[in-house]
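So you know, we letter chains A, B, ... as the sequences are listed, proteins then strands, and number each from 1. The structure presented is a predicted model; accordingly, all values stated were derived computationally and were not measured.
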Amino acid sequence: MPELPEVETVRRGLAPRVEGHRIDTVVVYDPRLVMRSPLPPAEVLPGDRLERLRRRGKWLLGELESGLTLVLHLRMSGRLLAGDVGRPPERPPRATITLDDATAVHFVDQRRFGELMTLDADGTAALEARIGPDADTIGTAALRTALQRRARTVKSALTDQALVGGIGNMYADEALWGARLSPFRPCSSLSDAELRSLARSVRKVMRRALAAGGTSTRDGMYVDADGNPGWFAVELAVYQREGLACPRCGTTIERVVRGATATRLCPSCQT
DNA sequence: CAATTGACCTGCAGGC
DNA sequence: TGCCTGCAGGTCAATT
């Protein structure tokens, strides 16, 4: 599922093809995609120029000449596929944006959880205010600030976008394995050394996954802007590896369901 | 304040 | 072959 490394990989593939270009048309085939948008994208975006495509957490933010922002979230299965106008994508898109150089960007989204919005400056600021520091660069001090004095579990805090930006279920499990920490430890129980280890592990997992172009799991859901999968799945230690051996100590990886999501961990070396 | 649950959504795997 | 159930999980809202 798209988490920080996947969203950043999509951004890097898309940015050189869209930055500096004017939007010709925005065709929304599935109105649910833009349901939460305060301004109707199909009406306000054409004619505007995309100056910069940046990322905060799992959000993609297209800064427009007008001061508005084109805001995208891929959620579970969203893809942004760049192509040429007139060549349809292999699956029907929920929306298609065309640019002044005949580039088409298709929002394909099998599970239909993704969204597209147009926000003004205040709306964008409010959105960004609800996103914690990006996981790929977070330091020990920032992580301590995010987690300190909280009774909740460290995994729940790591995946809370308001506390840390960009970590989802998969990379939370991987980062906690790397730091040898149980996902169910209360934040308040973490020592300074454990916080330092966790911050280091979070950054390392994010950067290694980014270097591999993200993770395409067996469901084949994630691909980059050119339709190519990422290769980090071969480096996964615990995610979707229940029943297999822990790469560090050989103990069988467990899958534990808490709430709506599954957590994978090594019961011996994560304490 | 935090944990929990349901809603949203669809393709696929596994059981029978 | 076909039906049913569970599973994948990011985010938000409502509830405990």
Side-chain angles (χ1 to χ4, degrees), chain A residues 1-8 10 29-38 55-61 71-80 90-95 107-117 119 123 126-132 134-135 145-176 183-190 206 209 214-223 229-230 232-233 236 238-243 253-265:
Chain A
M1 314 300 131
E3 302 180 29
L4 188 152
E6 289 76 30
V7 179
E8 177 63 18
V10 169
Y29 302 100
D30 178 1
R32 293 190 64 89
L33 180 71
V34 298
M35 217 166 45
R36 293 207 308 161
S37 182
R55 180 195 54 75
R56 279 286 287 118
K58 303 173 189 171
W59 293 88
L60 282 171
L61 306 167
V71 176
L72 300 149
H73 200 300
L74 303 176
R75 290 278 156 71
M76 306 293 299
S77 62
R79 300 174 168 187
L80 289 171
E90 73 281 15
R91 290 176 210 254
R94 302 180 70 195
F107 198 128
V108 174
D109 183 18
Q110 185 166 266
R111 288 180 196 165
R112 299 172 66 203
F113 282 179
E115 65 181 317
L116 189 160
M117 296 187 287
L119 299 182
L127 174 74
E128 292 200 66
R130 290 187 285 116
I131 308 173
D134 272 357
T145 303
L147 305 190
Q148 68 187 348
R149 290 192 305 277
R150 291 181 193 276
R152 64 198 296 190
T153 64
V154 61
K155 176 164 180 185
S156 152
L158 278 183
T159 54
D160 184 338
Q161 301 304 298
L163 300 179
V164 182
I167 303 180
N169 197 44
M170 174 175 60
Y171 291 118
D173 285 358
E174 292 297 313
L176 287 161
F184 309 122
R185 285 271 299 277
C187 294
S188 52
S189 77
L190 298 181
M206 289 291 140
T215 305
S216 297
T217 49
R218 53 178 172 238
D219 65 17
M221 209 63 89
Y222 163 72
V223 293
F232 191 68
L236 293 174
V238 289
Y239 182 74
Q240 287 191 346
R241 292 194 72 250
E242 54 267 31
I253 300 297
E254 285 181 1
R255 176 178 179 275
V256 180
V257 177
R258 293 260 289 231
T261 61
T263 292
R264 280 84 167 187
L265 74 155

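Here Thr153(A) lies in heavy-atom contact (under 4.0 Å) with sugar-phosphate atoms only. Across all strands shown, Arg32(A) has heavy atoms under 4.0 Å from sugar-phosphate atoms exclusively, and none from any base. Across all strands shown, Ser156(A) has heavy atoms under 4.0 Å from sugar-phosphate atoms exclusively, and none from any base. Heavy atoms of Arg130(A) sit under 4.0 angstrom from primed sugar atoms or phosphate atoms, though from no base atom.
Regarding Lys58(A), its NZ atom lies at a distance of 11 Å from the P atom of dG9(C), rounded to whole Å. Computed from coordinates, the Glu3(A) CD to dT11(C) C1' distance equals 13 Å when rounded to whole Å. At whole-Å resolution of the value, CE in Met221(A) and P in dG9(C) are 11 Å apart. In this entry the distance linking CE of Met170(A) with P of dA8(C) reads 13 Å, nearest Å. Rounded to whole Å, atom P of dG10(C) lies 10 Å from atom CD of Glu6(A). Rounding to whole angstrom units, CG of residue Leu4(A) and P of dT11(C) are separated by 11 Å. Nucleotide dG10(C) holds its P atom 16 Å from the CZ atom of Arg36(A), rounded to whole Å. The nearest whole Å value for the distance from the NZ atom in Lys155(A) to the C1' atom in dG10(C) is 12 Å.
Aromatic ring orientation, His73(A) versus Trp59(A): perpendicular (interplanar angle above 60°, classes split at 30° and 60°).
Judged purely by atom type and a 3.5 angstrom limit, Ser37(A) has no side-chain atom pairing as donor or acceptor with the backbone of Val34(A). Between the side chain of Asp173(A) and the backbone N or O of Thr263(A) there is no donor-acceptor pair closer than 3.5 Å.
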query: Tyr171(A) and Glu6(A): side chain to side chain donor-acceptor pair (under 3.5 Å), yes or no, with the steps?
result: CA-CA 11 Å; Tyr171(A) 291 118; Glu6(A) 289 76 30; 2.5 Å; yes

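Over its length, the helix from dA2(B)-dT16(C) to dC16(B)-dG2(C) turns its helix axis by 50°, as judged from the five terminal pairs at each end, rounded to 10°.
The cationic group of Arg258(A) lies under 6.0 Å from the six-membered ring centre of Phe184(A) and within 45° of the ring axis, placing it in a cation-pi geometry.
Side-chain contact annotation: Thr217(A) with Tyr239(A), donor-acceptor N/O pair under 3.5 Å absent.
Taking 4.0 angstrom as the limit, Tyr222(A) places none of its side-chain polar atoms (N or O) nearer than this to OP1 or OP2 of dA8(C). An OP1 or OP2 oxygen of dG10(C) is reached within less than 4.0 angstrom by no side-chain nitrogen or oxygen of Gln161(A). Between His73(A) and dT11(C) there is a side-chain polar atom (N or O) within less than 4.0 angstrom of OP1 or OP2.
Applying the side chain to side chain donor-acceptor pair (under 3.5 Å) test to Lys58(A) and every residue at least two apart in sequence or in another chain returns nothing.
Between Arg91(A) and Asp109(A), none of the side-chain N atoms (NZ, or NE/NH1/NH2) sits under 4.0 Å from a carboxylate O, so this pair counts as no salt bridge. Between Glu115(A) and Arg75(A), at least one side-chain nitrogen of the basic residue sits less than 4.0 Å from a carboxylate oxygen of the acidic one, meeting the salt-bridge criterion.
Note: Arg264(A) CZ to Met170(A) CE = 10.5 Å, rounded to the nearest 0.5 Å.
Read 5' to 3', the first and last nucleotides of DNA chain B with an atom closer than 4.0 Å to a heavy atom of chain A are dA2(B) to dG11(B).
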